[in-house]
Structures are given as C-alpha cells and as structure tokens.
Amino acid sequence: QVTMSIKLGAAADNWTAKVVNPDGQSSSATGFAVLAPVSQAPTERLSNGSFTSGQSPWISTGNFWVGNLANYRSSPGYAAGGVDTSGSPINSANGSLYQTVTIPSNSTSANLSFWFNITSQETSGAYDYLKMKVQNSSGVDLSTDLVVLSNQDKSTGYSQRSVDLTSYRGQTIRIYFSATSDSSNYTIFRIDDVSLMADGN
C-alpha cells in the first residue's frame, strides 16, 4: 500500500507532497500553486454621476454647467452643455465636462452609460453637437468620439447610451464630454445619471 499526503503552506500558495511505499521509504516534492485573483462583482467607479452633490469631482471648462434646475432625470441635479454659467442657453457655445477614473487591470467588463435630453431651436440639419470620448489622465485623446449626438436627437424625455470601455482596463482615464453650438438657434444638451460599472479589484 502506498500512502500519499499533501500539505499546504501557511499562505495556501505552496504545497508539499509526501509518498510512502510499503517498505517505509518516502519521497517528497514541493511546488507552488498559482491562485487566480477573485474578481468582485461589477461596482460603480464614477462618483456623483447624478450630479446631486453639485459638480465635484467632475471638472468643467467653458460653456458647461452643473445645477439643480427642474429638467433632471431621476434626482435633483444634471449637467448641461450649450449654456452659460447660470444654465441659460447661448449660441456659439463651447465647453467640456470630465471625470478621471481608474478601471481595474483584471476587469472583464467595464460599461459606461449615461442619459441625455436635448432641446433645440434648430429645425433642420445638424449644427450643434454633444460628443463623448476617452482621454488619458493628462487630457490626451485615447479614442475618437465614441458617442456623437446633435440637435437632431432632440426629444421630450431622456434617452440612454452605453459604451464598452473594457479595453481600457488597467488605465486611469477621463470620461470626457464636449458640447458645441453654432451662432444661431440654441441647443441645450443635458446629461444625467452617468455610470461606469466595472468588475475587478
């Protein structure tokens, strides 16, 4: 009869196997087990995606505004491009809004979603734009425009868009929105409930 025993090390990442034959002679071997990291369920990676707490940690430039007017989607607060510092629509607008976030290196799923509502005086043609892309933490573009919306996407309520960002795992990136308008017939681009759900740790 051959007896075999396996003993795990204290950290449970190494083992020792001992074999004893019928004559009482024994031999042993030691090895290491490669333990796969445990990936947690998808969790929210952005902060204040509903803009309920004001602007922070979002950063805005130019004609982009965050406030608590009545046109929010799910709770007081939303962001808007194509407006001045009081949230009033203007022509020849040019502004941006972004937040910096890190996607875990072992993430297998990273999905960005946001809700938008567009109102416009434009009646035909695409002249005013809301765009979303990914930049690195220094503001260098890592993607082309992943979402492009215009005054032609205006509606009475909110609609949702989603973008797969899994390819940016292991990176610290900016979720970057920009809004521009021409010199006549204003357009307001409202953004609310921005979310980045990613697994990993």
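Numbers here simply count residues along the sequence, with the first being 1. Heavy atoms only: backbone and side chains are in, while hydrogens, waters and symmetry mates are out. Note that the coordinates shown come from a computational prediction; the quantities given were computed from them, not determined experimentally.
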Legend entry - Donor-acceptor pair, side chain of Tyr176 and main chain of Ile173, under 3.5 angstrom: no
Legend entry - ILVMFWY network linking Tyr78 to Ile191, side-chain heavy atoms under 4.5 angstrom: no
Inset, instruction - Evaluate the side-chain proximity of Asn111 to Val163: yes if any heavy-atom separation is below 4.5 Å, no if none is. - result: no
Legend entry - N/O donor-acceptor pair under 3.5 Å between Asn117 side chain and Arg190 backbone: no
Inset, instruction - Indicate the atoms forming the closest heavy-atom contact of Leu165 with Ile175, along with that distance. - result: CD1-CD1, 3.7 Å
Legend entry - Any side-chain heavy-atom pair of Gln99 and Val194 under 4.5 Å: no
Legend entry - Heavy-atom pair of closest approach, residues Gln55 and Ile59: NE2-CA, 4.0 Å
Legend entry - Polar contact flag, side-chain donor to acceptor under 3.5 angstrom, Asn151-Thr187: no
Legend entry - For the student: nearest non-hydrogen atoms of Ala93 and Asn63, plus distance: CA-OD1, 3.4 Å
Inset, instruction - Please report the C-alpha distance between Leu149 and Arg161 in whole Å, then the side-chain angles of each, then the deciding distance to 0.1 Å, and finally whether the side-chain contact (heavy atoms from CB on, under 4.5 Å) criterion is met. - result: CA-CA 10 Å; Leu149 301 167; Arg161 286 295 175 90; 3.6 Å; yes
Inset, instruction - Using only heavy-atom distances, determine whether the side chains of Ser74 and Asp193 contain a donor-acceptor pair under 3.5 Å. - result: yes
Legend entry - Distance flag, aromatic centroids of Phe114 and Phe177, threshold under 6.0 Å: yes
Legend entry - Under 3.5 Å donor-acceptor, Glu44 side chain and Leu46 backbone: yes
Inset, instruction - Please determine, by modelled atom types, if Arg169 and Ser167 share a side-chain donor-acceptor pair under 3.5 angstrom. - result: no
Legend entry - Heavy-atom closest pair, residues Val148 and Tyr129: CG1-CD2, 4.0 Å
Inset, instruction - Give, for atom OG of Ser120 and atom CD of Gln152, the distance between the pair rounded to the nearest 0.5 Å. - result: 9.5 Å
Inset, instruction - Determine whether Ile188 and Val66 fall in the same hydrophobic cluster, where Ile, Leu, Val, Met, Phe, Trp and Tyr are linked whenever their side-chain heavy atoms lie under 4.5 Å apart. - result: no
Inset, instruction - Ignoring hydrogens and angles, tell me if any N or O in the side chain of Asn48 forms a donor-acceptor pair with the backbone of Ser53 under 3.5 Å. - result: yes
Legend entry - Flag, side chain of Arg45 to backbone of Ala198, donor-acceptor distance under 3.5 Å: yes
Legend entry - Side chain proximity check, Pro42 to Asp199, heavy atoms < 4.5 angstrom: yes
Legend entry - ring pair (Phe, Tyr, Trp, His ring centres under 6.0 Å) evaluation trace for Trp58 with Phe51: CA-CA 9 Å; Trp58 295 92; Phe51 305 100; 5.3 Å; yes
Legend entry - Spacing of Phe189 atom CZ and Lys154 atom NZ [to the nearest 0.5 Å]: 11.0 Å
Inset, instruction - Measure from the side-chain N and O atoms of Lys133 to the backbone N and O of Ser178, and report whether any donor-acceptor pair falls under 3.5 Å. - result: no
Legend entry - Side-chain heavy-atom pair Glu122, Asp128 within 4.5 angstrom cut-off: yes
Legend entry - Cation-pi, Tyr98 ring and Arg174 (6.0 angstrom, 45 degrees): yes
Legend entry - Cluster overlap Ile90 with Val83, hydrophobic side-chain contacts below 4.5 Å: no
Legend entry - Shortest non-hydrogen contact from Ala110 toward Asp164: O-OD1, 3.3 Å
Legend entry - Among Ser113, Ser50, Ser162, side-chain contact (heavy atoms from CB on, under 4.5 Å) partner for Ser195: Ser113
Inset, instruction - Would you tell me whether Ser183 and Asn91 have side-chain atoms, one donor and one acceptor, within less than 3.5 Å of each other? - result: no
Inset, instruction - For the pair Asp84 (side chain) and Ser86 (backbone), establish whether a donor and an acceptor sit closer than 3.5 Å, ignoring hydrogens and angles. - result: yes
Inset, instruction - List the steps and the verdict of side chain to side chain donor-acceptor pair (under 3.5 Å) for Thr172 and Thr102. - result: CA-CA 4 Å; Thr172 298; Thr102 299; 2.8 Å; yes
Inset, instruction - Measure the CG-OG1 distance between Asn185 and Thr123 for me, rounded to the nearest 0.5 Å. - result: 6.5 Å
Inset, instruction - Answer with yes or no whether the side chains of Thr61 and Ser96 bring together a donor and an acceptor at under 3.5 Å. - result: yes
Legend entry - Phe116 with Tyr186, same ILVMFWY side-chain cluster at under 4.5 Å: no
Inset, instruction - Would you check if the side chain of Gln135 reaches a backbone N or O of Val140 as a donor-acceptor pair within less than 3.5 Å? - result: no
Inset, instruction - State whether the side chain of Asn106 and the backbone N or O of Asn201 hold a donor-acceptor pair below 3.5 Å, judged by distance alone. - result: yes
Inset, instruction - Write down the atom of Ser150, the atom of Ile118, and the distance for their closest heavy-atom approach. - result: O-CD1, 3.6 Å
Inset, instruction - To the nearest 0.5 Å, tell me how far Asn68 CG sits from Ser75 OG. - result: 8.5 Å
Legend entry - Close side-chain approach of Arg73 and Asn71, heavy atoms under 4.5 Å: no
Inset, instruction - Say whether Met132 and Tyr158 are linked into one hydrophobic cluster, either directly or through other cluster members, by side-chain heavy-atom distances under 4.5 angstrom. - result: no
Legend entry - Side chain Ser60, main chain Leu97, donor-acceptor under 3.5 Å: no
Inset, instruction - Take Tyr72 and Trp115 through the ring pair (Phe, Tyr, Trp, His ring centres under 6.0 Å) test and state the conclusion after the steps. - result: CA-CA 10 Å; Tyr72 54 83; Trp115 292 80; over 10 Å; no
